[in-house]
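Below: the structure, in structure tokens.
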Amino acid sequence: MFRQSKWHEQAIFNLGRSGRRGHLLPKIEEGVKNAVGDLNNIIPETMQRKSGLGLPELSEVEVMRHFLRLSEMNYGVDSGFYPLGSCTMKYNPKINEQLAALPTISMLHPYQDETTVQGILEILYRLERWLAELTGTYEVCLHPAAGAHGEFLGTLLMRAYHKLNGEDEKRSEIIIPDSAHGTNPASAAMSGFNVVVAPSDDDGCVSLGALKAAVSEKTAGLMLTNPNTLGIFEKNIDEIARIIHEAGGLLYYDGANLNPLLCKARPGDMGFDIVHINIHKTFSTPHGGGGPGAGPVGVCEELAKFLPVPRIAFDGKRYHLDYDKPHSIGKIRGFYGNVAVLLRAYAYILSLGREGLEEVAEVSVLNANYLMKKLKDIKGLTLPYDSEKPVKHECVFSAKPLKNETGVSALNIAKRLLDYGLHAPTTYFPLIVEEALMIEPTETFEKEELDRFIEAMRKISEEAYANPEIVVKAPCNTAVSRLDEVKASHPRTMALSWRMYQKKSKQNL
Amino acid sequence: MEIKRQMMREIGIKSIDELYADIPEKYRLKKPLNLPEALPEFQVKKHVEDLLSKNETCNYVPTFLGAGCWPHYVPAVVKEIVQRSEFLTAYTPYQPEISQGMLQALFEYQSMICELTGMDVANSSMYDWASALGEVARMAARVTGRKEILIPKIIHPERAKTLQVYAEPAGITVQQIARDAESGLISLDDLESKISEKTAAVYIENPSYLGFIETQAEEIGKRAHAHNALFIVGVDPTSLGILKPPGDYNADIVIGEAQPLGNSMSFGGPLLGIFTCRDDMSLIRQMPGRIIGLTTTLDGVSQGYCMALQTREQHIRREKATSNICSNEALCAVASAVYMALLGPQGFRELGETIIGKANYAMHLLSTIDGIRTPIFKSAHFKEFTVNFDKTKLSVKEIHKKLLKRKIHGGKDISKEYPELGNTSLYCVTEIHSTEEINYLAETLREILAGR
């Protein structure tokens with residue numbers, strides 16, 4: 001049985017001792033001091049820090065030990081199976097880490113003279129071309145820091161497009177299927193649009209009837225994930241694109257699920273005008289416990305002029321940063337993107353090549369269908385929507401029967417999986433499936449690991465029927481048992497920082 | 001291959017193509033895409049290293065650039081920790097019981113950022129300072145129900161542009177407050193003429209984009225609060241060991257850029273946006289981004305950490321969320337947590353002193369050169385300062401070309417950003433610049449301007 005490390009590791013503020021140091025900094029030389037005079041005189045008295053700085057005081061080894069112990073109480077793709085649906089948790093090749101750490105990138109300043117950064121510009125330029133080729137788009141912008149940031153940019157591009165056509169007042173709605181990621185409606189709203197929800201049909205695809213009813217002259221566009229969050233390819237994509245384009249709207253592709261389509265089919269060919277790519281999913285850059293990722297956006301030719309500045313340009317000899325784009329929407333962040341992340345994606349594409357990327361797609365789909373087929377036999381789980389059709393990269397099960405019969409919910413299954421040393425699938429999403437377990441195995445994991453997961457699911461189902469207590473009280477093999485998430489968000493007990501915690505502790509005593 | 005066949009048999013298919021049968025035929029790629037052939041690891045390494053070696057880095061060319069991304073030393077321990085697989089290859093800690101390490105590290109990042117800024121609550125990161133500014137404007141509008149934001153005339157143009165892009169769809173208008181001609185500080189008269197009952201927030205930066213310290217911060221805060229507007233401050237956290245933290249002059253929200261705390265520049269990304277506020281539910285509920293909270297296990301036996309206040313977020317609130325941000329810069333935040341723990345209070349004091357000492361030394365040295373005026377503004381400067389070349393016959397561009405030929409990289413040319421400041425460049429000096437490098441910069445500039 002799995003056992004996660006468990007250190008009774010105190011909050012860092014309780015460690016160390018007054019006066020201890022973990023790192024020494026270069027001192028100011030005497031010559032400098034003599035020339036500048038008393039440093040205390042530079043900052044006016046009123047602006048000097050007078051309150052103490054409540055940081056902990058630790059030696060280097062104490063800092064190292066503390067964070068190493070914390071890392072041991074964490075679980076990553078390198079630890080084991082990580083079937084988090086729509087998150088595409090694949091192996092992150094180690095060579096990419098070494099490359100991203102090279103001083104020839106880490107020590108580059110973004111405002112360096114263009115002649116001194118030709119190497120990195122060449123890499124970024126080529127990466128843009130490759131991503132454009134893979135998605136079937138005309139130009140790619142690497143600026144967005146994450147998928148949601150890419151969505152924000154994409155919806156801003158819709159706004160800019162309609163504005164140039166003098167229709168920005170009129171085109172106030174973005175249509176989003178009910179199976180979409182929560183970021184889609186949030187991004188549309190951030191860009192000032194109203195969200196119109198398009199319901200799914202019984203087969204899990206967007207209902208054409210409902211879509212036709214939803215479009216109007218107010219339609220700015222449709223945001224679609226394809227394959228969608230049920231892992232199902234939107235088979236009516238042709239018709240969907242026609243409906244949206246005829247209504248004068250733009251078609252947006254949420255790239256969270258691009259992995260199964262690599263070198264198989266391209267969103268651009270299907271009529272998508274805007275495509276975002278999750279570099280930290282499809283292109284294997286590590287997710288770092290929440291980021292940094294990157295969310296490049298590809299667009300059709302007509303929208304290229306709206307992309308943020310600068311654009312990377314190549315005149316046949318030299319690369320340069322082009323700010324002269326009068327129609328550009330401006331900027332969505334500082335500088336040019338999460339370059340160290342993008343470099344890893346460049347190396348990944350180079351390592352796999354065209355054929356390797358196609359194999360990634362195929363194996364990810366094979367793995368998902370294998371899991372789906374095997375999990376179908378497990379008591380208490382059902383596969384809503386079209387259960388006979390193959391899925392793409394992920395499948396979504398419902399634990400509703402299990403919950404009705406045993407009281408064991410999808411959440412409980414997720415927690416119990418942790419006890420088996422497996423990460424849980426995404427739970428309670430998509431919203432159109434009750435007690436959802438959204439499972440994406442990716443191409444990374446070999447059949448043996450998939451079988452271990454299937455076996456664990458089977459055992460959990462048996463436990464649920466025989467002795468549900470075990471599952472309901474799970475996990476017991478992780479660093480801590482089940483947490484009180486309500487307490488963490490209740491105004492009376494909420495402690496969002498050490499100082500807030502200390503204040504509350506005093507109040508509640 | 002055998003395994004693949006076995007799996008296909010189990011599924012009941014003969015070829016993988018069957019799994020793609022539902023994609024309309026015309027969209028299935030027939031021709032191979034124009035992509036490179038696969039390379040073995042060694043060749044990938046060689047290829048990328050060769051390309052990158054075309055770059056010239058500040059390791060070999062002393063570089064005096066800052067302006068939103070700054071060269072600082074990253075301690076070895078920081079690099080070691082962020083390469084731990086368990087942190088590096090984890091997703092967002094959706095399952096807190098198996099992700100305590102990441103959650104505690106992020107909680108400690110939040111807590112230490114609060115100590116530095118003098119605030120009560122911090123989120124676990126934004127993309128960068130610029131996008132944090134965009135988000136904070138929207139937050140201020142939600143909190144106050146007002147639609148106008150006042151910002152200083154002197155602000156990083158990329159930040160101002162990003163703010164504009166974030167603000168416009170929310171119907172927020174941005175106005176700039178004029179600066180005092182001599183000091184560069186915010187003109188209180190102009191502030192007074194622009195602030196009104198429509199003002200959602202007054203935003204200042206300390207130190208400013210051009211490196212000087214805004215000494216009227218407390219007064220500006222008072223005036224913002226007198227109109228029931230929020231007072232928001234943007235910071236460079238390396239200054240906060242010696243500079244008064246915004247919490248001490250009554251800021252409601254503090255944002256900034258934490259890249260200098262343990263993260264390399266990497267050509268401008270990833271960066272790390274700071275976002276903090278006071279302990280006030282009307283603010284906390286409107287914050288964007290992930291926040292980690294301290295809690296206990298359900299049985300109450302032990303402490304633990306989990307994501308808090310998720311009802312603000314997109315996966316629950318969808319179009320009513322406070323922001324769409326989910327993936328952020330978590331690992332950069334862990335790097336910063338390690339950095340802050342390594343330095344401690346004494347380290348931050350020394351970091352601030354070393355930077356301000358060296359920067360002021362450089363400023364002093366350059367000011368003795370004929371034809372150079374530095375700094376333009378009669379104010380205290382922290383690590384960046386303006387260098388004006390109006391009295392020379394050369395443009396900033398020409399001077400920088402000559403510097404580069406002699407293996408020095410000058411500051412950022414801002415003569416187009418602020419034409420009214422003339423032929424000017426923004427220089428940055430941190431703890432990594434040695435006295436020799438600063439002296440060499442001064443000697444070389446003296447030579448160049450003397451026509452040698």
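Just so you know, these numbers use all the heavy atoms, side chains as well, and skip hydrogens, waters and symmetry mates. Predicted, not measured: the structure shown is a model, and the values here were computed from it. Letters A, B, ... mirror the listed sequences (proteins, then strands); counts begin at 1.
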Going through the distances and angles, do I284(B) and M500(A) end up as a side-chain contact (heavy atoms from CB on, under 4.5 Å)? CA-CA 12 Å; I284(B) 295 170; M500(A) 204 171 171; 4.1 Å; yes
Report the C-alpha distance between D248(B) and K50(A) in whole Å, list the side-chain angles of each, state the deciding distance to 0.1 Å, and finish with yes or no for salt bridge (Lys or Arg N to Asp or Glu O under 4.0 Å). CA-CA 9 Å; D248(B) 287 6; K50(A) 294 285 194 278; over 6 Å; no
Take I28(A) and T435(B), measure what side-chain contact (heavy atoms from CB on, under 4.5 Å) needs, and give me the verdict at the end. CA-CA 9 Å; I28(A) 320 170; T435(B) 313; over 6 Å; no
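Across all their heavy atoms, C114(B) and S497(A) have their closest contact at SG-CB, 3.8 Å. Contact between Y361(B) and A35(A) at its shortest, heavy atoms only, is CD1-CB, 3.7 Å. Considering all non-hydrogen atoms of both residues, P270(B) and A340(A) come closest at CD-CB, 3.8 Å. What you find for K4(B) and V363(A) is that their closest heavy atoms are CE-CG2, 3.8 Å. When every heavy atom of C69(B) is checked against every heavy atom of P110(A), the shortest pair comes out as SG-CD, 3.7 Å.
Looking at K412(B), the atoms closer than 4.5 Å to chain A (heavy atoms on both sides) all sit in the side chain, from C-beta outward. Heavy atoms of L39(A) lying under 4.5 Å from chain B belong exclusively to its side chain. In this structure, the portion of Q83(B) lying under 4.5 Å from any heavy atom of chain A is its side chain and not its backbone. I16(B) touches chain A through its side chain: at least one heavy atom from C-beta onward sits under 4.5 Å away, while N, CA, C and O do not. For chain A, the nearby parts of M102(B) are the backbone and the side chain; heavy atoms of each come within less than 4.5 Å. Contact annotation for E218(B): neither backbone nor side-chain heavy atoms come within less than 4.5 Å of a heavy atom of chain A. Heavy-atom distances place both the backbone and the side chain of P26(A) under 4.5 Å from chain B. For chain B, the nearby parts of L134(A) are the backbone and the side chain; heavy atoms of each come within less than 4.5 Å. With a threshold of 4.5 angstrom between heavy atoms, L39(B) approaches chain A through its backbone and through its side chain. Interface residue S323(B): backbone and side-chain heavy atoms are both found under 4.5 Å from chain A. When heavy atoms are compared at a cutoff of 4.5 Å, L404(B) approaches chain A solely by way of its side chain, counted from C-beta outward. Neither the backbone nor the side chain of H400(B) comes within contact range of chain A; no heavy atoms are under 4.5 Å apart. Only the side chain of R84(B) comes within contact range of chain A, judged by heavy atoms closer than 4.5 Å. Interface residue Q98(A): only side-chain heavy atoms are found under 4.5 Å from chain B.
You'll find the side chain of L25(A) reaches within 4.5 Å of the side chain of L343(B), heavy atoms only. By the 4.5 Å heavy-atom criterion applied to side chains, R499(A) and S111(B) are not counted as neighbours. Annotation: side chain of L70(A) is in contact with side chain of E108(B) (closest heavy-atom distance under 4.5 Å). Two residues are said to be in side-chain contact when any heavy atoms from C-beta on lie closer than 4.5 Å; M190(A) and P169(B) fail this criterion. Taking 4.5 Å as the limit, every side-chain heavy atom of I242(B) sits out of range of all side-chain heavy atoms of I42(A).
Between E350(B) and R21(A), at least one side-chain N (NZ, or NE/NH1/NH2) sits under 4.0 Å from a carboxylate O, which counts as a salt bridge. A salt bridge between K392(A) and D22(B) is present, with a side-chain N of the basic residue lying under 4.0 Å from a carboxylate O of the acidic one. Salt bridge annotation for R482(A)-E97(B): absent, with no cationic side-chain nitrogen under 4.0 angstrom from a carboxylate oxygen.
For the residue pair Q95(B) / K415(A), a side-chain donor-acceptor distance below 3.5 Å is found, with atom types taken as modelled. Looking only at atom types and distance, the side chain of Q314(B) has no donor-acceptor partner in the side chain of H181(A) under 3.5 Å away. Inspection of the K27(A) and T354(B) side chains reveals no N or O donor paired with an N or O acceptor under 3.5 Å. A donor-acceptor contact closer than 3.5 angstrom is absent between the side chains of T116(A) and H409(B). The closest side-chain donor-acceptor pair between E9(A) and Q104(B), if any, does not fall under 3.5 angstrom. Side-chain atoms of T296(B) and D484(A) form no donor-acceptor pair, as typed in the model, at a separation below 3.5 Å.
Of the possible donor and acceptor atoms, one in the side chain of N55(B) sits under 3.5 Å from a partner among the backbone N and O of T104(A). In this structure a side-chain-to-backbone donor-acceptor pair under 3.5 Å is present from Q112(A) to E56(B). One N or O on the side chain of T89(B) and one on the backbone of D78(A) form a donor-acceptor pair closer than 3.5 Å.
Taking the six-membered ring where the residue is Trp, the centroids of Y82(A) and Y91(B) are separated by 6.0 Å or more. Ring centroids of F429(A) and H315(B) are separated by 6.0 Å or more, keeping the two rings apart. Residues H47(B) and Y346(A) place their aromatic rings such that the two centres sit under 6.0 Å apart.
Stacking of K264(A) on the aromatic ring of Y27(B) is not recorded, the 6.0 Å distance cut-off and the 45° axial limit not both being met.
The candidate with the highest count of non-hydrogen atom pairs below 4.5 Å against chain B, out of G192(A), G54(A), A424(A), S191(A), is G54(A). Annotation: maximal heavy-atom pairing with chain B below 4.5 Å, among G293(A), P103(A), G356(A), occurs at P103(A). The residue among N59(B), L33(B), I292(B), V334(B) with the most heavy atom pairs within less than 4.5 Å of chain A is L33(B). The choice from T92(B), L365(B), L342(B) that makes the most heavy-atom pairs within less than 4.5 Å of chain A is L342(B). Per-residue counts of heavy-atom pairs under 4.5 Å with chain B were compared for M89(A), E57(A), K235(A), K389(A); the largest is that of M89(A). Between chain A and the residues Q346(B), E158(B), M281(B), the largest count of heavy-atom pairs under 4.5 Å involves E158(B). The most heavy-atom pairs under 4.5 Å with chain B, out of N369(A), L68(A), L357(A), N338(A), come from N338(A).
Just one residue in the list K373(A), K447(A), K374(A) forms a side-chain hydrogen bond (donor to acceptor under 3.5 Å, both in side chains) with E10(B), and that residue is K374(A).
Residues that satisfy the ring-ring contact (aromatic ring centres under 6.0 Å, His included) test with F335(A), not counting sequence neighbours, are Y111(A). Under the rule for a side chain to side chain donor-acceptor pair (under 3.5 Å), E355(A) has no partner lying at least two apart in sequence or in another chain.
Distance check: I329(A) CD1 to K161(B) NZ gives 10.5 Å after rounding to the nearest 0.5 Å.
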